[in-house]
2 protein chains.
Amino acid sequence: MVTDPAIELVVNTVSASNALLRASRRVFRPFGLSEAQFNVLQVLQDADDQLSQRELSDILIVDRSNITGLIDRMEKAAWVKRQPAPGDRRAYRVALTPDGRRLWRQANAAYVQAIARVTVNLTPAQIKAVSRVLPVMERSAHALELELAAAE
Amino acid sequence: MVTDPAIELVVNTVSASNALLRASRRVFRPFGLSEAQFNVLQVLQDADDQLSQRELSDILIVDRSNITGLIDRMEKAAWVKRQPAPGDRRAYRVALTPDGRRLWRQANAAYVQAIARVTVNLTPAQIKAVSRVLPVMERSAHALELELAAAE
DNA sequence: ACTAAACTGTTGACATATCATCTATTGGTT
DNA sequence: AACCAATAGATGATATGTCAACAGTTTAGT
């Protein structure tokens, strides 16, 4: 079967991402965390608890409605809490709890270790080269998505 | 803040894959197809209708149980049909219908065109370089997944 | 100041995914 | 032949994701 290199690139990218996500599920499972929940912890940690659900959905690039249930479950687990957003009665300010911060620290350590494992067979030059190229394709994909969405 | 090049690589890979999947959702939507359903059509097309649900799940790297609902919906849409597997009363042989084959042809044309769009800013050398590196990381991720799954 | 538009979060319908568990078969060992 | 482990597919619980529609708030334009 003759395969166009561009098609191969797209297939390889999605395929590698799937493998990474499947492995990360195993990494996070001992902590009772999903990939999506780890991302929320990560983003909140980086942002110093200043985020509304809308900002979370923008950063994580998922629908607003998705954040509702995600934060519901994480709040029930006492890893985050919703507080009223000062000056806007529509919105919440989502904050890590001390438990959430502790969990992030542990899960992140395991995550960093796992990343070292999955990149051990790559040279620094390869890592940098791929890291430079992929965002170019990502931007094109995003532009295409917006264009097709607007054409509805 | 992400600074380690290896972490950046993983983030960029997953992020690019997400952008590709979101764009492909737009590409397939006019056909009433999801990404997962397109993949089923693609695999069946390549395999000349010789696949059981187990083989589909192995190729697509998803759980067996996932295939049940996927094929249920696609059979209801009359794109595929289940036939008894000769010599094994537990299994089915899943086949494309003429409608399914026609749909695959149209959706694939749109898909190929979309891929040309998202890779237009990359040089052939970049495309080949990334396509060579990503499978190495994918194999490491898969090995890690298996190792962690076995450790339960 | 008022109205219309835009925005935030929630809800419900649905698709996709995992996982554990079930039934029915198949196949290998003794 | 009889038994028992492995396999194929289905099912139900749960999580994540989209999308459309809604209520309540905020903001912009006149």
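As a basis for the values below, the full set of heavy atoms in this structure was taken, side chains included, without hydrogen atoms, waters or symmetry mates. The chains referred to below are lettered A, B, ... by the order of the sequence lines, with proteins before strands, and numbering in each begins at 1.
We find that OH of A/Tyr92 is positioned 15 Å from C1' of C/dC7, with the value rounded to whole Å. For the pair A/Lys76 NZ and D/dA15 C1', the computed distance is 12 Å after rounding to whole Å. Remark: P of D/dA10 and CD1 of B/Ile71 are 9 Å apart, rounded to the nearest angstrom. As rounded to whole Å, 9 Å separates atom C1' of D/dG24 from atom CZ of A/Arg89. One interatomic measurement links the two molecules: CZ of A/Arg93 to P of C/dG9, which rounds to 13 Å at whole-angstrom precision. Rounded to whole angstrom, the span from the CG atom of A/Asn18 across to the P atom of C/dT18 amounts to 9 Å. Atom CE of A/Met74 and atom P of D/dT14 are 19 Å apart (whole Å). Whole-Å rounding puts the B/Arg29 CZ to D/dG17 C1' distance at 13 Å.
For B/Ser15 (side chain) and B/Asn12 (main-chain N/O), no donor-acceptor pair under 3.5 Å exists by modelled atom type. No side-chain donor-acceptor contact under 3.5 Å links A/Gln50 to the backbone of A/Ala47. With hydrogens and angles ignored, the 3.5 Å screen pairs no side-chain donor or acceptor of B/Thr119 with any backbone N or O of B/Leu122. A/Glu55 contributes a side-chain N or O that, together with a main-chain N or O of A/Ser52, makes up a donor-acceptor pair within less than 3.5 Å.
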Let me have a per-nucleotide readout for nucleotides 11-17 of chain C, 5' to 3', with B, S or -, counting only protein heavy atoms under 4.0 Å.
B---SBB
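Distances were taken from every side-chain heavy atom of A/Arg90 (C-beta onward) to each of D/dA10, C/dT25, D/dT25; the shortest belongs to D/dT25.
When the shell of 6.0 Å around CD of A/Gln83 is examined, it contains more than 12 heavy atoms from other residues, nucleotides or ligands.
Using a 4.0 Å heavy-atom distance criterion, B/Arg82 is classed as a sugar-phosphate-only contact.
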Apply salt bridge (Lys or Arg N to Asp or Glu O under 4.0 Å) to the pair B/Arg82 and B/Glu75, showing each step before the final yes or no.
CA-CA 8 Å; B/Arg82 286 180 170 99; B/Glu75 197 169 34; 2.8 Å; yes
